[in-house]
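Down below is the structure, laid out as structure tokens.
Chain identifiers are assigned alphabetically (A, B, ...) following the order of the sequence lines, protein sequences preceding nucleic acid strands; residue numbering begins at 1 within each chain.
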Protein chains: 2
Amino acid sequence: MFAEDDVSEEILEPCGMPDHEDCGLRLILDRLGEKWTVMTVAELAGGPRRYREIERSLTGVTQRMLTLTLRRLERDGFLSRTVEPTNPPSVTYALTASGQSFARMVTHLVDWSRSHKDTIRLAQQDFDRHHVG
Amino acid sequence: MFAEDDVSEEILEPCGMPDHEDCGLRLILDRLGEKWTVMTVAELAGGPRRYREIERSLTGVTQRMLTLTLRRLERDGFLSRTVEPTNPPSVTYALTASGQSFARMVTHLVDWSRSHKDTIRLAQQDFDRHHVG
DNA sequence: CCGCATCCGGGATGATACTG
DNA sequence: CAGTATCATCCCGGATGCGG
């Protein structure tokens, strides 16, 4: 996938512009741009997890940001939140069908990143050499 | 592609965490999260463009943001910048091979967004109804 | 035409403390 | 355990003006 063959003047939708609002790409891009979204989805792709488990797996996340991230993913319908009214309480998060589809799309991104990161980093180093020294 | 079938506990790389820095996903996510990246790449996917042409096609972009966006894409090796030393100067931008691959990956995102935006918007409306009254 | 420099506001993120 | 509340901070992005 993501072969290096010709692109043949393929026209992308300039989503986000007045004429193309309905593509909904910004919805996804904004969510992807947030710092903890991908890692959270990645963790939940391994199966349902409790709040504390997710927190431990996301090194450096604060409770505030984790809660915000989970709320937004829940709002998008990507994950479900199940509360066990025990004491102490237990809250379990799990990907929905939509969330699993989202997770699979993220996998494409990860694959693409992995196979291009070296090229990109080299290009950046070249650029930086030519534009400072 | 992006079928709704089972996800079978697929494990995503939690890129960005200490143990997984090398996946390079943040490189891409940060770039995608920026406001004008996708539209710029989309415009250039239609062929080489001059600065002024890109500016006109990106409704609402400021010169500052367009220049920043182009610089960062150039730094990543996604586009080339060719200066014609005429008067007034003429600068042409074009996708590189790497940039065309990037553009194709973006197309996947666009396709996914388009086919899920309704579901997502509905989920958001449901959530908002249940969480405000 | 193609930029760069400067100032500034707002949203995303982080730190810390507190609660049922 | 699973959050909420408050304050501090950083950076993206917009507005504006100048320069080659």
Side-chain angles (χ1 to χ4, degrees), chain A residues 14 16-18 26-40 43-44 48-76 79-94 127 130-132, chain B residues 16-18 26-41 43-44 48-76 79-94 127 130-132:
Chain A
M17 300 179 62
R26 278 259 65 91
L27 236 59
I28 306 302
L29 290 183
D30 288 346
R31 189 64 68 252
L32 284 175
E34 291 159 7
K35 186 169 183 178
W36 302 99
T37 299
V38 171
M39 281 184 281
T40 302
E43 177 64 17
L44 287 175
R49 294 283 189 274
R50 293 184 55 177
Y51 182 92
R52 202 73 172 89
E53 295 179 303
I54 305 173
E55 187 182 7
R56 268 190 294 264
S57 74
L58 269 54
T59 312
V61 75
T62 59
Q63 290 182 323
R64 169 189 161 77
M65 288 319 298
L66 178 55
T67 299
L68 277 179
T69 302
L70 290 168
R71 282 292 178 283
R72 291 192 276 234
L73 288 172
E74 183 191 2
R75 180 169 182 268
D76 290 341
L79 57 81
S80 64
R81 178 171 177 272
T82 310
V83 181
E84 248 73 53
T86 57
N87 193 316
S90 164
V91 180
T92 303
Y93 294 89
F127 184 93
H130 291 314
H131 291 255
V132 282
Chain B
M17 301 180 60
R26 278 259 63 90
L27 236 57
I28 306 303
L29 290 184
D30 288 346
R31 189 66 67 252
L32 285 175
E34 291 159 6
K35 187 170 182 178
W36 302 100
T37 299
V38 170
M39 283 185 279
T40 302
V41 170
E43 176 64 16
L44 288 175
R49 295 281 189 274
R50 292 185 54 180
Y51 182 92
R52 203 74 171 89
E53 295 179 301
I54 305 173
E55 187 182 8
R56 268 189 294 265
S57 75
L58 269 52
T59 313
V61 74
T62 60
Q63 289 182 327
R64 168 189 161 80
M65 288 320 297
L66 179 54
T67 299
L68 277 179
T69 302
L70 290 169
R71 282 291 177 284
R72 292 192 275 233
L73 288 172
E74 184 192 2
R75 178 170 184 268
D76 291 340
L79 58 82
S80 64
R81 179 173 177 272
T82 311
V83 182
E84 248 74 51
T86 57
N87 194 317
S90 163
V91 180
T92 303
Y93 296 88
F127 184 93
H130 291 314
H131 290 256
V132 280

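Shown here are the salt bridge (charged side-chain N to carboxylate O under 4.0 Å, His left out) partners of Arg72(A), two or more places apart in sequence or in another chain: Glu34(A). Remark: Glu53(A) pairs with Arg49(A), Arg50(A), Arg56(A) by the side-chain contact (heavy atoms from CB on, under 4.5 Å) rule, at least two apart or across chains. Every side-chain contact (heavy atoms from CB on, under 4.5 Å) that Glu55(A) has, sequence neighbours left out, goes to Tyr51(A), Arg52(A), Val61(A), Gln63(A), Leu66(A). Residues satisfying the salt bridge (charged side-chain N to carboxylate O under 4.0 Å, His left out) test with Arg75(A), not counting sequence neighbours, are Asp128(B).
Ranking dG14(D), dG3(D), dC2(C) by closeness to the Lys35(B) side chain, first place goes to dG14(D). Across dC1(D), dG14(C), dG13(D), the shortest atom-to-atom separation from the side chain of Thr62(A) is found for dG14(C). With distances taken from any side-chain atom of Met65(B) to the nucleotides dG14(D), dG14(C), dC1(D), the minimum falls on dG14(D). Closest to the side chain of Tyr51(B), from the set dG3(C), dC1(C), dG20(C), is dG3(C). With dC2(C), dA2(D), dG13(D) as the candidates, the nucleotide lying closest to the side chain of Gln63(B) is dC2(C). The listed nucleotides are dG3(C), dA2(D), dT13(C); the one nearest the side chain of Tyr93(B) is dG3(C).
A close approach under 4.0 Å does occur between a side-chain nitrogen or oxygen of Arg52(A) and OP1 or OP2 of dC1(D). A close approach under 4.0 Å does not occur between any side-chain nitrogen or oxygen of Arg50(A) and OP1 or OP2 of dC1(D). In this model, the phosphate group of dG14(C) is not approached by any side-chain N or O of Arg64(A) to a distance below 4.0 Å at OP1 or OP2.
Relative to the axis of its first five pairs, the axis of the last five pairs of the helix from dC1(C)-dG20(D) to dG20(C)-dC1(D) sits at 40°, rounded to 10 degrees.
A 4.5 Å side-chain heavy-atom check between Leu73(A) and Arg31(A) finds at least one atom pair inside the cut-off. Counting heavy atoms from C-beta outward, Arg64(B) and Leu68(B) have side chains that approach closer than 4.5 Å.
With rounding to the nearest 0.5 angstrom, the OG1 atom of Thr40(B) is 12.0 Å from the NZ atom of Lys35(B). With rounding to the nearest 0.5 angstrom, the CZ atom of Phe127(B) is 8.5 Å from the CZ atom of Arg81(A). To the nearest 0.5 Å, atom CG of residue Leu70(B) and atom CG of residue Leu44(B) are 7.0 Å apart. Rounding to the nearest 0.5 Å places CD1 of Ile28(A) at 7.0 Å from CG of Asp76(A).
Atom CZ in Arg81(A) sits about 10 Å away from atom P in dA2(D), given to the nearest Å. At whole-Å resolution of the value, CD1 in Ile54(A) and P in dC1(D) are 13 Å apart. Rounded to a whole Å, the CG atom of Leu32(A) is 15 Å from the P atom of dA12(C). Atom CD of Glu84(A) is separated from atom C1' of dG3(D) by 16 Å (rounded to the nearest Å). The interatomic distance linking His131(B) (NE2) with dT4(D) (C1') rounds to 16 Å, in whole Å. Here the P atom of nucleotide dG11(C) and the CG atom of Leu29(A) are 19 Å apart, to the nearest Å. Atom CH2 of Trp36(A) is separated from atom C1' of dA12(C) by 13 Å (rounded to the nearest Å).
Contacts between residues 66-75 of chain B and DNA chain D, defined by a heavy-atom separation below 4.0 Å, involve Arg72(B), listed by number.
Heavy-atom distances to DNA chain C give each of Pro88(A) and Gly60(A) a nearest nucleotide, and the one nearer the 5′ end belongs to Gly60(A). Along DNA chain C, the nucleotide nearest to Pro89(A) and the one nearest to Glu34(A) differ in position, and the one closer to the 5' end is contacted by Glu34(A).
Counting any heavy atom pair closer than 4.0 Å across all strands shown, Glu55(A) reaches no nucleic acid atom.
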